[in-house]
Amino acid sequence: MVQGTVHKYPDNVDTDVIIPARYLNTANHAELAAHCMEDIDPDFRKKMHAGDIMVAGWNFGCGSSREHAPIAIKESGIACVIAKTYARIFYRNAINIGLPIFECEAASDGISDGDEVCVDFDTGLITNITTGKTYQAQPLPPFIQNIVNKGGLLNSLK
Amino acid sequence: MGMTMTQKILAAHAGLDKVEPGQLIMAKLDMVLGNDITSPVAINEFEKAGFSSVFDRTKISLVMDHFAPNKDIKAAQQTKQSRNFANKYDILNFYDVGNMGIEHALLPEKGLVTAGDCVIGADSHTCTYGALGAFSTGVGSTDMAAGMATGQCWFKVPSAIRFQLTGSLQGCASGKDVILHIIGQIGVDGALYKSMEFGGPGLASLSMDDRLCMANMAIEAGAKNGIFEVDDVTRAYLNGREQHPGVTYAPDPDAEYEKVIEIDLSSIRPTVAFPHLPENTKTIDEAAALNVAIDQVVIGSCTNGRLSDMAAAAAILKGRKVAKNIRAIVIPATQQVYKDCIRLGYIDTFIDAGCVVSTPTCGPCLGGYMGILAEEERCVATTNRNFVGRMGHPTSEVYLASPAVAAASALAGKIANPEEVM
């Protein structure tokens, strides 16, 4: 269960704006986080607090396969991402590195930038505390839950 | 109900007679790929998890192509880490400066991937090898690490959209124009989580370079993979090249598709994708009428850096001059393509026209180096993405097009129709 302030983004947020390739000459998590979202939201780092929630539209994380993208978001302190859909490589990568993500069209439509939102990871229940509305996200399939519960893909293979 | 090509390949690699869309499977891998950006992250995860061996040193390819030859100290550290890992585990297919090329041009050229293979790569354009009739898809670095350690990867079996090709390309139209047209039609998430399967009577008219270009950009429609039926063109390409024998899979006659889209190749016009999404397409007739002034042209990349791409550009640039104040950058995708360009006189043509010719690198495509754009500059590129800031400053713009359109635009100093040059 997490609760935080929402940072809202549009459809088709691509991995080049999540972490521009000019910063991919390092795999250092903190350095990647320092440039997270800077090409579409230069103030992201200044305004966000650990535990905040990212909400977006369709096809979040499209483009490159760079795992640096979910790493930059997670390392920034974002507690979870809610979008209508995800690009498939980003979806895999988020699960593999342990960034909680949920697909929920109604929540994406009903939540505004700056809203206070609570997400129950076990049930997929999303509560907009600012408006009082609730939304039900698809819980993760058991196969994926196993990866997440074991702390990522590599730990699940051991 | 029958299976699509992709479903058949996945079933075979999972040791199953049949799979269905949505089914989660564990599949054996024929190749695991990484580059100088994604491999370091994978190596860190591999080591952190305590693995001490790779599943098969002959089935891993590490290609130093994105920021290599090293663009700065940090990039040098990343190739060094990859090089050390390759040496430690005696990785057979480690490609470094001197023999490297852009990964998705290099692996097919070297015959490291072939028909019927199941391939993952920590690079989104790994879907390129579907042109050979392989299942091939991009993954992240953690999947790459797990693949290197175990030789396996989990997949959710995709449904498919069938693209039934008829007719043949006319004039300056190429595979790039077909795939841009398709992305314009279905959108950047039009094939999300799905296979794009290409076949039909028009297939035989498409060269292997056209097919590699089209499969390459399947990811730009959100697809899990793009895949082409195997025919005489495929067999001619693989013959004498493939390093292990390929297996031909054909879709069942009663395979189930979410949608069948007919594409008449004869009707495809040269096509340009405007900023900032590959789906923002216009025909060259619409685009040229807008008089979009440009600052730079890039001809190369894993999408369009092959010999026929160089030939298309050379045919337009021969005996002509790049417009004043235009930087034209040509990047043959592999050393072999580079040598063929020298042999065929293309390099002379490019340099005489006022272009610069670079050693193979992904460099400018992803805004790494070798052609970064300043504030509000515009570039016509034969690359695959035109996102905000993709090639440099967040206010710069990338227009995606074929080598013919890019070359014609370099001559005109604005987006131009190659048919009016030829």
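Below, chains carry the letters A, B, ... as their sequence lines are ordered, and counting in each starts from 1. All values reported here derive from a predicted model rather than from experimental measurement. Values below: all heavy atoms of this structure, side chains included; hydrogens, waters and symmetry mates excluded.
Between B/K71 and A/R22 the shortest heavy-atom distance is NZ-O, 4.4 Å. Across all non-hydrogen atoms, the minimal contact from B/V139 to A/R92 is CG1-NE, 4.2 Å. Between A/G63 and B/S124 the shortest heavy-atom distance is O-CB, 3.5 Å.
Side-chain contact of B/T137 with A/R88: a donor-acceptor pair under 3.5 Å is present, judged by distance alone. Counting only N and O atoms by type, the side chains of A/E67 and B/T38 include no donor and acceptor under 3.5 Å apart. For the residue pair B/D143/A/N96, the side-chain donor-acceptor check at 3.5 Å is satisfied.
Of the listed residues (A/I40, A/N93, A/D14), the one with the most heavy-atom contacts under 4.5 Å to chain B is A/D14.
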Could you walk me through whether A/N12 and B/F387 pass the side chain to side chain contact (heavy atoms under 4.5 Å, CB included) test, one step at a time? CA-CA 10 Å; A/N12 299 316; B/F387 299 147; over 6 Å; no
For side chain to side chain contact (heavy atoms under 4.5 Å, CB included), just list the numbers for A/S64 and B/H125, CA-CA rounded to whole Å, side-chain angles, deciding distance to a tenth of an Å, and then say yes or no. CA-CA 8 Å; A/S64 149; B/H125 293 109; over 6 Å; no
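Contact annotation for B/I372: neither backbone nor side-chain heavy atoms come within less than 4.5 Å of a heavy atom of chain A. Looking at A/F90, there are no atoms closer than 4.5 Å to chain B (heavy atoms on both sides), in backbone or side chain. For a residue to count as touching a neighbouring chain, one of its non-hydrogen atoms must lie under 4.5 Å from one of that chain's; by this rule A/D39 touches chain B with backbone and side chain alike. At a 4.5 Å heavy-atom cutoff, the contact between B/Q78 and chain A is made by side-chain atoms alone. The part of A/L157 that comes within reach of chain B is its side chain, from C-beta onward, which places non-hydrogen atoms under 4.5 angstrom from that chain.
The closest side-chain heavy-atom distance from B/V41 to A/R66 is not below 4.5 Å.
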